[in-house]
J.: 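Got a structure for you, written out below as structure tokens; questions coming shortly.
When a ligand or atom number is given, it counts from 1 through the structure's own listing order.
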Amino acid sequence: MQIVRIYIETYGCTLNKADSAYMMMVLQRVGHTITDRLDDADVVIVNTCTVRKDTEDKVLARIKALNRIAKHKGFKLVVAGCMAKAQPYIILKNAPNASLVSPQNVSRIVEVVECSERKVLIDGERKDTSLVPIYFKDKTAAIPIAEGCLGNCSYCIVKIARGTLQSYPPKAIVEAVRKAVSNGVVEIQITAQDTAAYGRDIGYNLPRLLNDIVKVEGDFKVRVGMMNVNLALDFIDELIEVYKHPKIYKFLHIPVQSGDNRVLKLMNRKYTVEEYVEFVKEFKRRIPGIAIATDIIVGHPGEDEEAFNNTLKLVKELEFDRVHIAHYSIRPHTLSARLQQVPGNVKKERVLKLTRLVEEICSRKFREYVGKEVNVIFTEKSFRGDIVGRMENYYPVVVKGSSDILGLKGVVKVVDSSFYDLRGDIVKVSP
Ligand code: F3S
């Protein structure tokens, strides 16, 4: 067999990163090598994301550039991921010789890499879930627990790319957690498009899975990924109970998307603002100090001034700890794309207004820690090379220090804050 050198570039969320990790694993298992230099590669894989229009543009520009480079360097170009499944025609227009692999077909990447012809594997809705991929970064590991979701949000192209819910078996997930922890990982990131949907296709659920995971031996914490409130409401009591476990970060990522019931209906979100508020308040009441992160789409079709003001009102009421703000952008093949659009300048103004409010609230909440000593676990390096520690509520505390402290616990004196993180000086490090 001829050994192939493969270079992989990954865009998008942790699910996609886990898919790249999975492809690397199966390719290396049969003897191929992964290189971090494009110049050395026989095959280049771009694992794509297409969640928003700006992401699509960025990824497409990269595919075009790689297509040009491939012509004189002679490597084979493979486009994998969500764009390959949801928009294959765009890729073929810009890189007609590229092979395509959808997220459901990543387990067949060896066939694609070894084939001398162009190959297109984008059919099929099911993924091989017998092996759970793990994406390692420093002392953290992202572990997907499910593919796809049970929703059908009107604006979402990811549904087209990732399909309906397919949960990984609980035993395989627990095994993956055990493996990560035995490799020195101290933070397990449980990830899915909707963690609250976990198990509905196999007669299991998220609280049961979390109860299994916390029983794994070792000193680690679990960060539970994004969950939708309509499904999480079904097991709120069990979820709160398991969240009390010391191995679970007191952090909840629960996208609201809009603070207006009419817009939520247009988005096909299947919950009301009142249900959302009740859920968050119940969590805050029973787990004091829990941090709440949310996602908001600004400028979805149908969002008038009144609806947008309702979103501002909700943000003020719930005082989120983190808000991911997305400027609505038209995604092909979605229902929202066919509705009357909000003008671009209006969207821009609203994004600015919401951003200012969020920054004000988050800065105030983060500032309360300045001057205090906080307990953290040092989990990863920041992109600037500093060390990031996580508090019990998953607030990030950035310190200067060497990589040797990664995986250890410590006490940090907070000296500064922004709306996004805390900065501090190390007081003590302990195993
Ligand atoms: Fe992007 Fe697909 Fe993730 S569209 S956000 S890579 S599920």
J.: Assess whether a salt bridge exists between D40 and R5, defined as any Lys/Arg side-chain N lying under 4.0 Å from an Asp/Glu carboxylate O.
T.: no
J.: Does E175 come within less than 4.0 Å of R178, counting only side-chain N to carboxylate O?
T.: yes
J.: E303 and salt bridge (charged side-chain N to carboxylate O under 4.0 Å, His left out): which partner among K347, R350, K265, R262?
T.: R350
J.: Protein N, O or S atoms less than 2.8 Å from atom 3 (Fe) of ligand 1, ignoring waters?
T.: C13 SG
J.: Run the side chain to side chain donor-acceptor pair (under 3.5 Å) test against Y328 and tell me which residues pass, sequence neighbours left out.
T.: none
J.: Are there over 12 heavy-atom neighbours, none belonging to D123, within less than 6.0 Å of that residue's CG?
T.: no
J.: Around atom NZ of K353, are there more than 12 heavy atoms from other residues, nucleotides or ligands closer than 6.0 Å?
T.: no
